[in-house]
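To start, the structure itself, in C-alpha cells.
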Amino acid sequence: MNLPSAQRIAEAEAARTGLGTGPNRRLRLTMLIGMPLVFPVLGIMILVPDFLRDDVLHVYEAGIIGCLLHYVWVFAKYPRRARRPPYLTRDLAMGGGFYLPSLLLGFWPGIIAAPAWAMFVGISYTVEEVRERHGHR
C-alpha cells in the first residue's frame, strides 16, 4: 500500500467517525452547534423581558438561515458526488435536521427550507447515480 492510499483510508475513517476533517467537520459542527442551541434560546426567551423575546428569536432564526446557507456553500464547492470527500453527501443531507428546531419555534422559512434541502441533496445524488449507470458524464 502506498502513502496516498493510506492517507485516503485514514481520511475516510476520520470522516466516518467523530467530527471528521475538512468540510465534513465544518458541516457536523454547524449541525451540532446550531440544532441543540434551540434549547438555551428557549431558556433565554423565558428569562428576558417580554420586549426582548422577539429579538432573541430573530437572532436564532438568522442563525438557522446562516447554517442552511453554509450547507449550500459546501454543496457549491463540491457539486459532484465523485469529487466529494467520503461521507460528505450524508453530511449535506443532514441539513434537513434544522426542520425540528424550526418547527419547535414556528419558523416557517426553516420548516420549508430544511426538508427541501434534504430532498435536493437526495435527488441530486440519485440523478448522479442514474447518469453514472447509463454512462453519462
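Please read all numbers here as calculations on a predicted model, not as lab measurements.
Side-chain contact between Val38 and Leu100: absent, with no pair of heavy atoms (C-beta onward) separated by less than 4.5 Å. Within the 4.5 Å cutoff, the side chain of Tyr125 has no heavy atoms near those of the Arg90 side chain. At a threshold of 4.5 Å between non-hydrogen side-chain atoms, the residues Phe39 and Leu104 count as touching. By the 4.5 Å heavy-atom criterion applied to side chains, Val130 and Val127 are not counted as neighbours.
Nearest heavy-atom pair, Gly95 versus Ala114, reported as atom, atom and distance to 0.1 Å: O-CB, 4.0 Å. Nearest heavy-atom pair, Arg53 versus Asp50, reported as atom, atom and distance to 0.1 Å: NH1-OD1, 2.8 Å. Annotation for Ala93 and Ala118: closest pair O-CB, 3.7 Å, computed over non-hydrogen atoms. Nearest heavy atoms, Trp117 versus Leu92: NE1-O, 2.8 Å. Among all heavy-atom pairs drawn from Tyr60 and Met35, the shortest one is OH-O, 3.7 Å. Across all their heavy atoms, Met31 and Pro36 have their closest contact at O-CD, 3.6 Å.
The CE atom of Met45 sits 10.5 Å away from the CG atom of Asp55 when rounded to the nearest 0.5 Å. Rounded to the nearest 0.5 Å, atoms CD1 (Ile64) and CD1 (Ile111) are 9.0 Å apart. Here the CG atom belonging to Asn24 is positioned 4.5 Å from the CG atom belonging to Asp91, to the nearest 0.5 angstrom.
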Which donor-acceptor pairs under 3.5 Å do the side chains of residues 68-78 make with protein atoms, sequence neighbours left out?
from  : atom 1 : to    : atom 2 : distance (Å)
His70 : ND1    : Thr30 : OG1    : 3.1
Tyr71 : OH     : Leu27 : O      : 3.2

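A single hydrophobic cluster is seen to contain both Val56 and Ile65, as judged by linkage of ILVMFWY side chains at heavy-atom distances under 4.5 Å, directly or through other members.
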(request) Could you check His58 against Phe107 for side-chain contact (heavy atoms from CB on, under 4.5 Å), going step by step and ending with a plain yes or no? (result) CA-CA 9 Å; His58 293 315; Phe107 180 52; over 6 Å; no
(request) Applying side-chain contact (heavy atoms from CB on, under 4.5 Å), run through Leu105 and Leu42 and close with a yes or a no. (result) CA-CA 9 Å; Leu105 296 174; Leu42 289 174; 3.5 Å; yes
(request) Could you go through the side-chain contact (heavy atoms from CB on, under 4.5 Å) check for Arg81 and Glu129 one step at a time? (result) CA-CA 9 Å; Arg81 182 183 60 84; Glu129 281 289 316; 2.7 Å; yes
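Shown here are the side chain to side chain donor-acceptor pair (under 3.5 Å) partners of Ser124, two or more places apart in sequence or in another chain: there are none.
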